[in-house]
> 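After the C-alpha cells below, expect a handful of questions from me.
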Amino acid sequence: EEHKPHVFVVLGASGDLAKKKIYPTLWRLYIDGLLPENTKFIGYARSKLTVDDIKEKCSPFLKVQDSEKDKVEEFWKVNSYVAGLYDKQADFKNLDTHLTTLSANASRLFYLALPPSVYDTVTSNIKSSCMTKVAGCWTRVIIEKPFGKDLDSSEKLSKHLAKLFTEDQLYRIDHYLGKEMVQNLLCMRFGNRIFGPVWNRDNIAAVVITFKEPFGTQGRGGYFDEFGIIRDVMQNHLLQIMCLTAMEKPVSMAAEDIRDEKVKVLKAVTALTLDDVVLGQYQGDPDGKTEDSKKGYRDDPTVPKGSKTATYALACLNVANERWDGVPFILKCGKATNERKAEVRIQFKDVPGNIFPDGQLKRNELVMRVQPGEAVYCKMMTKVPGMAIGAEETELDLTYNHRYEGVKMPDAYERLILDVFLGSQMHFVRTDELREAWRIFTPLLHTVESAGGPTPIAYKYGTRGPKEADDLARKRGLLYTGTY
Ligand code: BG6
C-alpha cells in the first residue's frame, strides 16, 4: 500500500469546511509523514480558481511553523485544482482525465465537503465518470452529516448510495468517533477486569453524556435552524458515544464486529417521545461580557423570525435489553452554555447496607472527559486522612496532560482521514447504524416540528440551560453530585 500512489479529491474546495478542516488536516498528515508516499491532492469547485487561491484561503488555518516553510511549499506543489459544476457529467469526465494524467494507476479518495443538496448528483457523477478501473486500486467516498433529516430522507440517500457503491467504499464521518477518549471507551471497558462485572443495571444508576459549548451559532444560524441541536449533535455524536458505552463486548476488534454490536444497542433503544425530552433556546444576556453573549439565538440575522428551533436538548433514552433496561441514558447538549465540555459520566448506585453516617457516602462516578483536556477519573470514597475516621469523596485521576505529558493528541479529522487511506472502517458509521439512529429520533422530531409543536424553554446565554432539564434527569434517577 505504502508505495502505491493515491489521489485525494476535495469536492467543494473553495468552501468553509475545506479551508477550515480538510486542507489543514491533509497538511498535518502530510507534514507528519503519515500519508502514503506519492499522495496528490485535487481541489474541485465551481469557481475558476488556482491552487494559489486555495492556498491563500487556507493559509490562516494551516498553522505552519517557521521550520515548516519549505515543506508547505512542497505540499502545495502536489496540489492541483479543477473547476467544474456539480451536476455536469462532462465536468466529472474532465476531472477523471485530470486524475489519470496526474497518476495513471492511483487509488482515489473523494471527500464531499459540499451541501447535502448536491450529494445525490455528485455521487452519481463520481460513479459514472471517476471510479478507477485499474486492477489493485480502489475508490473511496467520504461524506459527512447531515445524512438526511429524518428516517425517510436518510433512507432515500442510503438507497441512492447503495446503488452506486458497496458499503466498503463508503466512509460516513462522525468526527466524534475520531476523538481520543471516545476511542478509549473500547479499551477502558474491555481491557479492564474491574469494570466488566459492574457495567449493568444492577450497579449503574444513570449514564450522562454531555456536550456543551460556550458560544452560539456564530453566523451559522441559517444552517443550524434547518437542523437544530438534536440533529446537529445528539442524534450522531452523543448517540455514537452512547453506543460505545452500552454495547456488548464485540467478538473481536474487527470493524464489522464492533459495528454489529453498536447496531444491536440501537435496536434495543425505545423511540423517544416528548415526555423524554426538555428543549431550550438561548436568549441574549444583557449583562453579557462579550458582544456575542448579548445576542440570543433569534437575534442572529440568518435565523428566521420567531424560530422554535432548539439550541439545547436533554433526552432520556432507555436501552430495553437485559443489561440496561431502566437505566436512564441521559443525553444532553447545548449551545451558548456556561462552558466547553464533552464527557461521559457513569453514576453508580448507592452502596447497599450503609454503615456510615447518613449522607456521608457519595455515589461513585466514572468520568471520561472527551474535552477539553482528556481525562479519565473516578469519584470514590476514601478515609479522611489523619486522625478522623470519616469517609470523604476524592478522585482517582488520570489526566492525560500529566500522565502523558508531551504526547501529541491527533485531531479527530486527522485520525479519520488516515483511516480512509488505510481502509479501516472501525470508526465510521454503517448504513444500518444510521437507520436505527433515525428510527429513535424521527417520531420525536416530527412531533416537535409539527404545527402544534412545543416552544423551547428560554435559557440565558452562558448558563447551564433550562432548569427543567435537570428536573427531568433527576426524576429519571440521576442524583446530581456537581454542576455538570
Ligand atoms: C459539529 C456541529 O458536528 O460539531 C457543531 O455541527 C459543533 O455545531 C461541533 O460545534 C463540535 O465539534 P467539536 O469537535 O468542536 O466538539
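All ligand and atom numbering here is 1-based and tracks the order in the structure.
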> Between Y119 and F147, is the gap from one ring center to the other below 6.0 Å?
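No, the ring of Y119 stays outside the 6.0 Å limit from the ring of F147, centre to centre.
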> How far apart are the C-alpha atoms of L279 and I230, what are their side-chain angles, what is the distance that settles it, and do they pass the side chain to side chain contact (heavy atoms under 4.5 Å, CB included) test?
CA-CA 9 Å; L279 302 173; I230 291 181; 4.0 Å; yes
> Is D292 salt-bridged to K295, cutoff N-O under 4.0 Å?
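Answer for the salt bridge query: no.
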> Tell me the residues surrounding ligand 1, counting only those with a heavy atom closer than 4.0 angstrom, sorted by chain and number.
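Protein residues near ligand 1 are K145, H175, Y176, K179, F211, E213, R220, D232, H237, K335, R340, Q371.
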> To the nearest 0.5 Å, what is the distance between CG on L185 and CG on L244?
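Atom-to-atom, L185:CG and L244:CG are 5.5 Å apart.
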> Among E256, E248, E436, E433, exactly one meets salt bridge (Lys or Arg N to Asp or Glu O under 4.0 Å) together with K262. Which residue is that?
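So, applying the salt bridge (Lys or Arg N to Asp or Glu O under 4.0 Å) to K262 and each of E256, E248, E436, E433, only E433 qualifies.
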> To the nearest 0.5 angstrom, please state how far the CZ atom of R435 sits from the OG atom of S154.
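One finds 8.5 Å between CZ of R435 and OG of S154.
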